[in-house]
Amino acid sequence: MKTPRRGAQGAPRGAGAVDLSVTLGPLRLKNPVVAASGTFGYGTEFLPYLRLSDLGGFVTKGLSLKPRRGNAPPRTCETPAGMLNAIGLANVGVEAFLDEKLPALRRHDTVVIANVFGETQDEYVAVARRLNGAPGLHAIELNLSCPNTDKGGIAFGVSPPVVRQVVAAVRRAAPGLPLIVKLTPNITDIAVAARAAREGGADILSLVNTFLGMAVDLKARRPVLDNLAGGLSGPAIKPLALYMVQRVYREVDLPIMGMGGISTAQDALEFMVAGSAAVQVGTVNFFDPKASVRIVREIAAWCRKEGVRAVREIIGALRLPPGAPPAPRAV
Amino acid sequence: MPFDFPAPVVRHQAINRDHFLLTLESPRVARAARPGQFVMLRTRPGHDPLLRRPMSIYRVPPSGRGQVQILYKVVGSGTRYLSGQAAGARLDMLGPLGNGFRPPRPGRRPVLVAGGIGIAIFPFLVDRLLRRGSRPILLYGARCRGDLVALSYFQARRVPVRLVTEDGSAGARGLVTRLLEPILGGEGGEERCELFVCGPSPMLRAVGALAVEAGVPCQLALESQMPCGIGVCLGCVVPCPADADGPLYRRVCTEGPIFEAGTVEP
Ligand SMILES: Cc1cc2nc3c(=O)[nH]c(=O)nc-3n(C[C@H](O)[C@H](O)[C@H](O)COP(=O)(O)OP(=O)(O)OC[C@H]3O[C@@H](n4cnc5c(N)ncnc54)[C@H](O)[C@@H]3O)c2cc1C
Ligand SMILES: Cc1cc2nc3c(=O)[nH]c(=O)nc-3n(C[C@H](O)[C@H](O)[C@H](O)COP(=O)(O)O)c2cc1C
Ligand code: FES
């Protein structure tokens, strides 16, 4: 067994203490649990329920160049063990984030990650440039699930050449910040998009965003969401997301933040074993606002019980059957 | 400030086939709550249903025992599961949430307008109004006699109640607006009133429009699908009159659920 490295600011470890810190390329987290974009507001909304400093970090709601008001309601619909959302990327805009939201976060000792999107490559670049060097900001995460208005509304993330290009352009615009690229699962082989993101200069990959889905109001013979389609999230998507994480882990050499349906420490640890160096937790914040810090506590308890001294030891520890093929056999 | 803790079920009474009165113990919520606020309640453990359900605070019984009451109607799976929770069960409860009612403007008599299960928001308000010495009246509409609940609460406090049902099985036949028109038209003396309204969206639209037209202040309690209840998912929005930048939306959970008539388009 490897002896766990003591982290830069790691507390001295007494008997039984577990090292929860993880390092993803240029980004160091005190623990592997990060609250996901769009499910954690701008952070301060959760102060009645938890200490932000108990989290590995959190990701802001997706930020665009100008404020956006989003789609007409209804915007959400509950589905079995999940929910569909078509919020329409409503957000305060990057300027208000820098002026009003970020300053309030500086006194909390946690990693703040800004989620960035645009309708054009230029917009991604402009938002990233504005964020570059902002005090108190630790990384940016590119949301590639946004429709590309220059390409007839097809999401950026589904075209590998577009992924490479937009990632490279943002990389140049924000050289000072670790760059996380968040992949859409609505693609035939997510490893292809992951590879394109790496070629564009991504430091870290996060996956997955929501799966496209819909719900029908049978009585009215109408889609439940005004937008017709929405993004599916929550426990329902966990097996799909887990599969994609292990696939990208085996195919692309970049650290991964895995997510999709995590609601317990066991879920989080399964993602880590499948290759996630850290996890993000999303929808669970809606139905259990203290879940993120509970998961941190439970991961520590699990490690103690299992005799794991540093949680990073389990990253990618999946034991594959002998001769397991890189791609799945027919199912 | 809201709290999130499991709350033990103290009592759970069936009022009729599909209406229930749930009493939970939560001294923190009981102390912090104001009329018009709500809680997010897990209806049973696990992932079915996934999301908590928003429920108005029906009453904080003045006994001082730290209890919070919810009056609800079974309309789907979540409320059906909830109705099976017996005394002793512990339900995750997040609250109190939302802005709550503003006190009536000085010199105005509160006229409460309830449609269906919208009645559930009013007893807590009436407790407070009576303590301040104001004399509310209640206009209450429902589909049928069986949907008229909590009447004994108002009768015991001598709050005047006027009823309508859509099928005529109790009170006058018709919609609650039928009771409102004479009041806004000045019947009952020169006394000026202020409306407090809770019910289905078509009723909120109709009553809100009448109030705006009559120049009577009117607070609307809105409903919406609420995944989080704490302002972060942006799922619960209600359209508001558009401004120069286009359509405008507000979050019912944190900017409401109470809005002044005319400022929202429910
Ligand atoms: C702030 C607020 C306070 C509320 N207070 C109360 C209360 O005190 N007592 C009470 O009985 N109910 C109240 N409600 C409504 C209650 O939350 C819903 O009835 C409940 O969520 C339904 O859950 P379900 O799983 O049983 O039904 P579902 O299976 O979710 O839905 C069943 C049917 O009801 C409709 N529906 C579901 N939720 C709503 C809603 N919020 N508004 C309109 N239609 C809906 C659905 O479209 C569907 O047709 C309140 C809602 C809000 C937003
Ligand atoms: C209501 C809602 C809003 C979201 N908004 C964003 C967003 O702005 N940017 C983004 O990259 N992902 C967004 N997501 C996706 C989540 O960050 C996450 O990738 C997804 O929900 C899967 O994780 P989960 O199952 O734990 O929720 C949103 C998800 C939800 C449910
Ligand atoms: S319910 Fe989530 S923002 Fe209102």
Side-chain angles (χ1 to χ4, degrees), chain A residues 35-50 58 60-62 66-92 224-226 230 233-236 238 261 263-264 282-291 294, chain B residues 1-6 28-29 32 40-54 76-78 91-97 201 222-240 242-254 264-266:
Chain A
S37 178
T39 67
F40 212 68
Y42 301 96
T44 51
E45 292 91 333
F46 281 80
L47 289 177
Y49 316 109
L50 48 79
F58 79 89
T60 68
K61 178 71 188 154
K66 295 268 151 20
R68 283 173 59 126
R69 291 172 174 183
N71 292 334
R75 292 178 171 185
T76 66
C77 159
E78 191 172 353
T79 58
M83 62 176 280
L84 289 164
N85 88 80
I87 305 300
L89 295 165
N91 76 98
V92 297
V224 173
L225 298 178
D226 242 32
S233 65
K238 188 187 125 189
S263 68
T264 62
T283 303
V284 70
N285 297 310
F286 298 162
F287 60 86
D288 183 2
K290 294 176 181 169
R294 170 176 52 79
Chain B
M1 194 173 82
F3 303 95
D4 180 29
F5 289 99
R28 278 178 273 222
V29 175
M40 295 291 287
L41 207 55
R42 171 157 294 290
T43 59
R44 71 165 185 180
H47 291 161
D48 171 29
L50 187 65
L51 303 171
R52 299 189 194 191
R53 298 295 190 253
S77 61
L91 304 179
D92 289 336
M93 179 162 81
L94 168 62
L97 300 169
S201 297
L222 268 60
E223 277 202 2
S224 136
Q225 300 286 338
M226 285 189 181
C228 76
I230 56 174
V232 295
C233 75
L234 311 181
C236 63
V237 297
V238 58
C240 299
D243 63 15
D245 294 326
L248 185 63
Y249 306 103
R250 284 190 217 287
R251 289 166 297 182
V252 175
C253 66
T254 43
V264 289
E265 297 169 346

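Order of the sequence lines sets the chain letters (A, B, ...), proteins ahead of strands, with each chain counted from 1. Note that this is a predicted model, so its numbers are computed, not measured.
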Top residue by heavy-atom pair count (under 4.5 Å) with chain A, among B:C228, B:G231, B:G246? B:C228
Check each atom of A:D288 against the heavy atoms of chain B and say whether the ones under 4.5 Å are side chain, backbone, both or neither. both
Given heavy-atom pairs under 4.5 angstrom as the criterion, report whether the side chain, backbone, both or neither of A:Y49 touches chain B. side chain
Just so I understand: if I count every heavy-atom pair under 4.5 Å between each of A:G82, A:P74, A:A81 and chain B, which residue has the most? A:A81
For the interface with chain B, which of A:I87, A:V284, A:L47 has the highest count of heavy-atom pairs at distances below 4.5 Å? A:I87
With a 4.5 Å cut-off on heavy-atom pairs, point out which of A:C77, A:A90, A:P289 contacts chain B the most. A:P289
Of B:I230, B:D4, B:D92, the largest count of non-hydrogen pairs under 4.5 angstrom with chain A goes to B:D4
Can you list everything that forms a salt bridge (charged side-chain N to carboxylate O under 4.0 Å, His left out) with B:R28? Sequence neighbours excluded, please. none
Sequence neighbours excluded - side chain to side chain donor-acceptor pair (under 3.5 Å) pairs with any residue from residues 72-92 of chain A: A:S64-A:N91, A:E78-B:R53
Counting heavy-atom pairs closer than 4.5 Å to chain B, which one of A:P235, A:G70, A:G41 comes out on top? A:P235
Please rank A:N71, A:T39, A:N285, A:T283 by heavy-atom pairs under 4.5 Å with chain B and give me the top one. A:N71
Using a heavy-atom cutoff of under 4.5 Å, enumerate the residues of residues 42-51 of chain B that contact chain A, numbered in order, or state 'none'. B:R42, B:H47, B:P49, B:L50, B:L51
Residues in salt bridge (charged side-chain N to carboxylate O under 4.0 Å, His left out) contact with A:K290, at least two apart in sequence or another chain: none
Does the distance from a Lys or Arg side-chain N to an Asp or Glu carboxylate O, for A:K66 and B:D245, drop under 4.0 Å? no
Need one label for A:F46: side chain, backbone, both or neither, based on atoms under 4.5 Å from any heavy atom in chain B. side chain
So what's closer than 4.5 Å to chain B heavy atoms on A:P80: side chain, backbone, both or neither? neither
If you tally heavy-atom pairs under 4.5 Å against chain A, which of B:T254, B:L248, B:V238 wins? B:L248
Which heavy atom in A:P48 sits nearest to a heavy atom in B:P2, and how many Å separate them? CB-O, 4.1 Å
